[in-house]
Amino acid sequence: MGKFDLDDVLEGLGEPDPNAPREPSPSVPGEGSSSVPEPAVPDESPMFVPQNPAGTPDPSDLAASGSDREFLADIAAAEVEPAPLEAVDELSPIHGPSEERASGDEEAPADGDELSRLLLDLGVINAEQLATARRVIKQTPGKKLAATLIEMGVDEVKVQQAVAEVARLPFERIDYEAQDSYDETALYRLTQDFCKANLVLPLRREGSRMVVGTVNPDDVFLLDDVKRQLKVPSIKHVLVTAHDIRGVLELLGEAEADQYNVDEILADVEEDDVAVVAEEVDEADVGEAESSPVVRYVNHIIQTALKEGASDIHIEPEDKTLTVRFRIDGVLFEMMNPPRKMHAALTSRIKIMANLDIAERRLPQDGRIRVTVLGRKLDLRVSTVPTPKGEKTVMRILDTRSIHVSLDELGFAEDTLMIWKNQIAQPHGIILVTGPTGSGKTTTLYSSLQQLDLRKLNVSTVEDPVEYNLAAITQIQTHERIGMSFSAALRALMRQDPDVIMVGEIRDMETATIAIQAAMTGHLVLSTLHTNDAPSSITRLINIGIEPFLVGAAVNAVLAQRLVRRICGQCAKKAEVGDEIIDFLNAHGVQADNLMQGGGCNKCRETGYHGRCGLYEMLVLDDHLRDTIARNPNVTEFRRQCVERGMVTLRQDGFQKVNDGVTTVEEVLRVTEATI
């Protein structure tokens, strides 16, 4: 194509004026060239419609004219000079991308080759992780290497540092708990929703420039938008992590929630428009349950429970009162006393949220609510039961943060943790976790599953109900009414090529038999039992109906656990020990000088405790204990032999934590039995 002026081309694309005088067409330079009517435009452009100005033969007439054929041959033989790069760039929005540009490389060199080499050189990733990431990118057009690696679990900070180095941009961490780490005025001008949706954060001003952090080095249009909204002359671009940006925005959301005017809610609740709830229950309808004061009060209950760290919400009616209690660190605390006349409306509102039948008040109902509170996604498991004083409602708060806890943070002793990690790495066998309801069994199992290499293993679970959604794990919900029991689901999973199977609970002989068969045929099975200690789990399986020799052959280990409250770190102090209990402490290996207790403060609600940790009783079966199980021993004899073989009991582990200043003697005695 010969050189030409872009304005002439754009003018040529317009509608010709029929009254305009016809002028001769410009010529195309080159060997053998002749007069050409207009600058040539690529044929593949669907948007180009050639005009027919004066002096240009009509294509339909060319076949009848030999001179015209010679004219076209001259054009075809001409050596067309390539257009300058600037002209191509200007025309590309008109003609659209070419096929070569649309296909493109799998990864741009700066984001792919250079970044991958740098990450490999730094030891951030290995060749296997890079190969996996490239497979994902190949199947997901437009996916970036950095984002793919972060989703695979690679350290986000190290990846972003490498991206910043490749892009020649500065990298910064944000101390999101420090208020001066970001520009609050600029943030509110952009709005939190905008920053959260685009993962952008204004950090500070440097003279006339605003320093803005984003997670992508090529956020050019986003920075232009930020510059326009903030009305600043220039912007300095730095790279940050998405985790830091979300941390700032989440804390801001919590701070706003702290300013939530509870008094205003209570004042609204007492207004006359709520008084209709006191009428007959049958007349309560959806409109009343969704009235503004009721909705806001339910929201207030859930928000307060989340801020207090509650695991359960109890709404309990009495004859003349209504009580709201929260279970915090395993203990119920009375938190609110709304007016008794609000009970029907509050219950109906919760039922509407959980898609339950608000007209049915004679039968128990179960449901689930998915909400976003203070920027955090939660699941609330709802249960209602009828009582003579009205329906009692209990909501279990299922916070995904509680399962994203590593095994190192659960309170395992070092030797117990090492043994447990070794057990969950076994290729086959049964591993049991036992304890009462609310003892943390699900958290331990989920944390254990997170330790596995989920990219190489097929991990499946059967649960009732599925409490938390886990990535890269197949989770199955049981439905007894339609025949989808633990045993039926487990039998189906055996045909799904499993490596690791987690069974929510072994309740009957059929489920236990299938679990034993799975363990004996090369699968690792994790499950729970409701027994008081680890040795009792073995005798429970035998009592269910499993042959003792099969139990001994299939079970690898049993972990019994309890949860005790931690001493509040803010008000902890040395405990005063009376002479009457010193001998008791010495008998259990506790030094009186090491005893600590909480004095009580606002952080711990004056209880002296804040947070919980686990007590663990780890039983690993060796050949001697397997022989003992084959003889079907009673539980007392078997427990004694386990202790003689080195098993640390729950109470012994508890007193060790007392000696370490983690909890108190009262807590250990509260959750453990008077066993050896």
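The structure displayed is predicted, hence computed values, not measured ones. Numbering of residues begins at 1 and proceeds along the displayed sequence. Computation of the quantities below employed the complete heavy-atom set of this structure, encompassing side-chain atoms and omitting hydrogens, waters and symmetry-equivalent molecules.
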Peer 1: Count the heavy atoms of every other residue, nucleotide or ligand shown that sit under 6.0 Å from CG of Asp623, and state whether that count exceeds 12.
Peer 2: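 Counting other residues, nucleotides and ligands, CG of Asp623 stays at 12 neighbours or fewer.
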Peer 1: So, using side-chain contact (heavy atoms from CB on, under 4.5 Å) as the criterion, who are the partners of Leu563 when residues are at least two apart?
Peer 2: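 side-chain contact (heavy atoms from CB on, under 4.5 Å) check on Leu563 returns Arg612.
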Peer 1: Please determine whether the number of non-hydrogen atoms from other residues, nucleotides or ligands lying under 6.0 Å from atom CD of Glu156 exceeds 12.
Peer 2: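 Enclosed.
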Peer 1: With a 4.0 Å cut-off on N to O distance, would you call Asp312 and Arg396 a salt bridge?
Peer 2: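 Salt bridge present between Asp312 and Arg396.
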Peer 1: Is Arg507 paired with Asp464 through a side-chain N to carboxylate O contact shorter than 4.0 Å?
Peer 2: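 Arg507 and Asp464: salt-bridged.
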Peer 1: Evaluate the criterion side-chain hydrogen bond (donor to acceptor under 3.5 Å, both in side chains) for residue pair Asp366 and Ser383; output intermediate values, then yes/no.
Peer 2: CA-CA 5 Å; Asp366 294 308; Ser383 173; 3.3 Å; yes
Peer 1: For Glu617 and Thr649, run side-chain hydrogen bond (donor to acceptor under 3.5 Å, both in side chains): C-alpha distance rounded to whole Å, both residues' side-chain angles, the deciding distance at 0.1 Å, then the answer.
Peer 2: CA-CA 5 Å; Glu617 180 177 282; Thr649 66; 4.9 Å; no
Peer 1: Hey, does the side chain of Ser536 reach the backbone of Asn532 with a donor-acceptor pair shorter than 3.5 angstrom?
Peer 2: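 Not a single qualifying donor-acceptor pair exists.
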Peer 1: Holding to side-chain contact (heavy atoms from CB on, under 4.5 Å), I want the full list of residues that pass it with Asp627, two or more places apart in sequence or in another chain.
Peer 2: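 With sequence neighbours excluded, Asp627 shows a side-chain contact (heavy atoms from CB on, under 4.5 Å) to Arg631, given in chain and number order.
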Peer 1: For Lys421, which residues count as a salt bridge (Lys or Arg N to Asp or Glu O under 4.0 Å) partner, sequence neighbours excluded?
Peer 2: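 Expected list: Asp408.
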Peer 1: Look at Lys441 together with Glu505 and state whether they make a salt bridge at an N to O cut-off of under 4.0 Å.
Peer 2: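 Glu505 and Lys441: not salt-bridged.
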Peer 1: Taking atom CD1 of Ile313 and atom CZ of Phe326, what is their separation to the nearest 0.5 Å?
Peer 2: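 If I round to the nearest 0.5 Å, the distance is 5.0 Å.
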Peer 1: Could you check whether Arg639 pairs with Glu644 (Lys NZ or Arg NE/NH1/NH2 to Asp/Glu carboxylate O, under 4.0 Å)?
Peer 2: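 Glu644 and Arg639: not salt-bridged.
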Peer 1: Report the C-alpha separation of Thr478 and Glu463 in whole Å, then their side-chain angles, then the decisive distance to 0.1 Å, and conclude whether the side-chain hydrogen bond (donor to acceptor under 3.5 Å, both in side chains) test is met.
Peer 2: CA-CA 6 Å; Thr478 61; Glu463 304 171 68; over 6 Å; no
Peer 1: So, are Asp653 and Lys657 salt-bridged, with charged N and O less than 4.0 Å apart?
Peer 2: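 Counted as a salt bridge, because a side-chain N and a carboxylate O are separated by less than 4.0 Å.
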Peer 1: Work out which heavy atom in Ser537 is nearest to a heavy atom in Val558; give both atom names and the distance.
Peer 2: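 Reported closest heavy-atom pair: OG-CG1, 3.6 Å.
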Peer 1: Could you check whether Glu666 pairs with Arg670 (Lys NZ or Arg NE/NH1/NH2 to Asp/Glu carboxylate O, under 4.0 Å)?
Peer 2: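 Not counted as a salt bridge, because no side-chain N and carboxylate O are separated by less than 4.0 Å.
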Peer 1: Assess the residue pair Trp420 and Ser448 against the criterion (side-chain hydrogen bond (donor to acceptor under 3.5 Å, both in side chains)); give the C-alpha distance rounded to whole Å, side-chain angles, the decisive distance to 0.1 Å, and a yes or no.
Peer 2: CA-CA 9 Å; Trp420 180 252; Ser448 301; 2.9 Å; yes
Peer 1: Determine, for Arg491 against Glu510, whether the closest basic-nitrogen to carboxylate-oxygen distance falls under 4.0 angstrom.
Peer 2: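 Judged by the 4.0 Å cut-off on N to carboxylate O distance, Arg491 and Glu510 do form a salt bridge.
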